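Computed from heavy atoms alone, side chains included, the values below leave out hydrogens, waters and symmetry copies. Each chain gets a letter, A, B and so on, in the order its sequence line appears, and its residues count up from 1. Because the structure is predicted, anything quoted here is derived from the model rather than measured.
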Amino acid sequence: MSSILSREFYARTALEVAPDLLGCLLVRELDGERLVGRIVETEAYYGEEDAASHAFRGPTERNRAMFGPAGHAYIYLIYGMYYCLNVVTGEEGRGEAVLIRALEPLQGIEMMKQRRGRDKVRELTNGPAKLCQALGIDRRLYGHDLTLGRVLWIESGPRPHEPILTGPRVGVRGDEHARNAAWRFYLQHNPFVSPAR
DNA sequence: GTCAAGATTAGT
DNA sequence: CTAATCTTGACG
């Protein structure tokens with residue numbers, strides 16, 4: 001039994017949504033196939049007060065989705081070649097989002113292998129840019145409404161058996177608080193969590 | 001208009 | 001450790 005996550009689910013703070021997304025299923029419909037991964041790692045970005053967030057300096061053309069209603073996709077291009085997927089959370093205008101950092105591939109693994117150009121299931125979706133490549137997520141899905149249940153959405157899943165661990169976010173800049181806050185959430189011992197830095 | 005930096009990844 | 005690759009936003 002699983003259901004599409006609602007606007008109300010996403011409308012809570014990023015700090016609440018990020019851990020709750022662990023164990024949920026990210027679903028992508030692509031070329032008539034369904035690609036599914038279990039979310040095993042997330043990071044919360046907590047609005048304009050978060051020095052590590054793209055929302056830190058207020059709304060811009062790039063981050064405008066972050067300041068829109070919850071439950072939409074905020075996608076950005078990094079290093080000129082990779083995309084990363086966030087889900088917008090919190091009250092409209094807050095600029096909060098949760099970065100999806102890693103998935104455990106469940107369905108459509110062959111297509112993921114082909115899209116990623118590699119064979120090891122372990123390396124298919126164990127990073128924010130890797131999972132976007134595996135699931136065919138790019139600019140075209142910028143601002144996509146994840147509550148519609150088509151093209152790209154998230155469903156509830158079985159409660160994770162693994163304990164949830166927290167720690168500092170990966171690769172972020174900013175003030176001391178931004179760098180130290182334990183706003184990364186992941187499932188203990190799960191082999192699909194992104195490699196340690 | 002110019003320019004440096006980037007919530008990463010793969011390869012040496 | 002470093003190259004790859006290009007958009008964004010800060011600055012003037």
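Under the side chain to side chain contact (heavy atoms under 4.5 Å, CB included) criterion, A:Gln114 pairs with no residue, sequence neighbours left out. Annotation: side chain to side chain contact (heavy atoms under 4.5 Å, CB included) contacts of A:Ser6 (sequence neighbours excluded): A:Glu8, A:Phe9.
Across the protein-nucleic acid pair, A:Ile100 atom CD1 and B:dT8 atom C1' stand 17 Å apart, rounded to whole Å. Rounded to whole Å, atom P of B:dA7 lies 11 Å from atom CG of A:Asp50. Atom CG of A:Leu85 and atom C1' of B:dA7 are 12 Å apart (whole Å). When rounded to the nearest whole Å, the span between NZ of A:Lys130 and P of B:dG11 equals 11 Å. Rounded to whole angstrom, the span from the CG atom of A:Asn126 across to the C1' atom of B:dA7 amounts to 16 Å. Regarding A:Tyr76, its OH atom lies at a distance of 12 Å from the P atom of B:dG6, rounded to whole Å. Taking atom CZ on A:Arg169 and atom P on B:dT8, their separation rounds to 12 Å, with Å as the unit.
Residue contacts for A:Arg116: at a heavy-atom cut-off of 4.0 Å it reaches the sugar-phosphate backbone alone, with no base atom in range. Contacts of A:Ile78 with the nucleic acid, taken as non-hydrogen atoms under 4.0 Å apart, involve only primed sugar atoms and P, OP1 or OP2. Using a 4.0 Å heavy-atom cutoff across all strands shown, A:Ala52 reaches at least one base atom of the nucleic acid.
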> Taking it one step at a time, do A:Glu162 and A:Arg38 satisfy salt bridge (charged side-chain N to carboxylate O under 4.0 Å, His left out)?
Replying inline: CA-CA 13 Å; A:Glu162 305 101 315; A:Arg38 175 175 178 251; 2.8 Å; yes
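Look at A:Glu110 and A:Lys113 and you find a salt bridge, because one of the NZ, NE, NH1 or NH2 atoms lies within 4.0 Å of a carboxylate O, short of that distance.
Out of B:dA7, B:dG11, B:dG6, the shortest distance to the side chain of A:Arg118 is found at B:dG11.
Taking a pair to require two hydrogen-bonding distances under 3.5 Å in either a Watson-Crick or a G-U wobble arrangement, C:dT5 remains unpaired. In a base pair of the Watson-Crick type (N1 to N3 plus N6-O4 or O6-N4) or a G-U wobble (N1-O2 and O6-N3), with each distance short of 3.5 Å, B:dA7 is matched with no nucleotide.
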> When every nucleotide of nucleotides 6-12 of chain C is labelled 5' to 3' by its protein contacts under 4.0 Å (heavy atoms), B for base, S for sugar-phosphate only, - for none, what sequence of letters results?
Replying inline: BSSSS--
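If you take atom P in C:dT2 and the same atom in B:dA5, they sit 16 Å apart, rounded to whole Å. Here the separation of B:dA4 from C:dA3, taken at their P atoms, is 16 Å to the nearest Å.
Each of A:Arg173 and A:Leu131 lies near DNA chain B, and the nucleotide nearest A:Arg173 is the one positioned closer to the 5' end.
The cationic group of A:Arg101 does not satisfy the cation-pi geometry with A:Phe185, failing either the under 6.0 Å distance to the six-membered ring centre or the 45° limit from the ring axis. Figure legend: cation-pi geometry between A:Arg184 and A:Tyr186, with NZ or CZ positioned under 6.0 Å from the six-membered ring centre and within 45° of its axis.
Only one option out of A:Leu15, A:Leu21, A:Asn86 pairs with A:Val98 in a side-chain contact (heavy atoms from CB on, under 4.5 Å); it is A:Leu21.
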